[in-house]
Amino acid sequence: MAAQPKEYFDIETAAKKDSYRIDRDSLAPEVLASKFQRFNGVEKIFYTALVIAAMTLVIGLLYIQTKSKEVQTETIRLQTQNTQLTTQNEEYTQQITDLGAGQTLSDIAAKDNLSQNFSNVLKATK
């Protein structure tokens, strides 16, 4: 069979002559349906199973991506909370250090007319 002009391979002719030479812009659902009807039972089951497996994979991937985003968001929230608590802990430690410094205690004692006696300070030994 000699090469035919492009007009020969339209949807009507392809459906009638069982031709697979269909222009990709003219792929219609009725052509696909007629091709699917010509498959035998095993081929129909195979292609149906293939479509179901592909859909299952797509749904599974979307679910995994959604859960991954949720875990990522929760991780960021916990890291932020941890950073805030660490900063607050450091501030409290600094305040305790400032309050317990010798000069601060001396200033408070001098304000209340108290004096320090360094002779009664004991040093820890082993």
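Taking CD1 of Ile64 as the start and CD1 of Ile59 as the end, the distance is 12.5 Å to the nearest 0.5 Å. Annotation: the span from Ile96 atom CD1 to Glu91 atom CD amounts to 12.0 Å, rounded to 0.5 Å. Expressed to the nearest 0.5 Å, how far OH of Tyr63 lies from OG1 of Thr56 amounts to 15.0 Å. Interatomic distance, CZ of Arg77 versus CD of Gln72, reported as 14.5 Å (0.5 Å rounding). With rounding to the nearest 0.5 Å, the separation of CD in Gln65 from NZ in Lys69 is 8.0 Å. Taking CD1 of Ile45 as the start and CG of Asn40 as the end, the distance is 9.0 Å to the nearest 0.5 Å.
Side-chain contact check for Tyr47 and Glu43: no donor-acceptor pair (N or O, by modelled atom type) lies under 3.5 Å.
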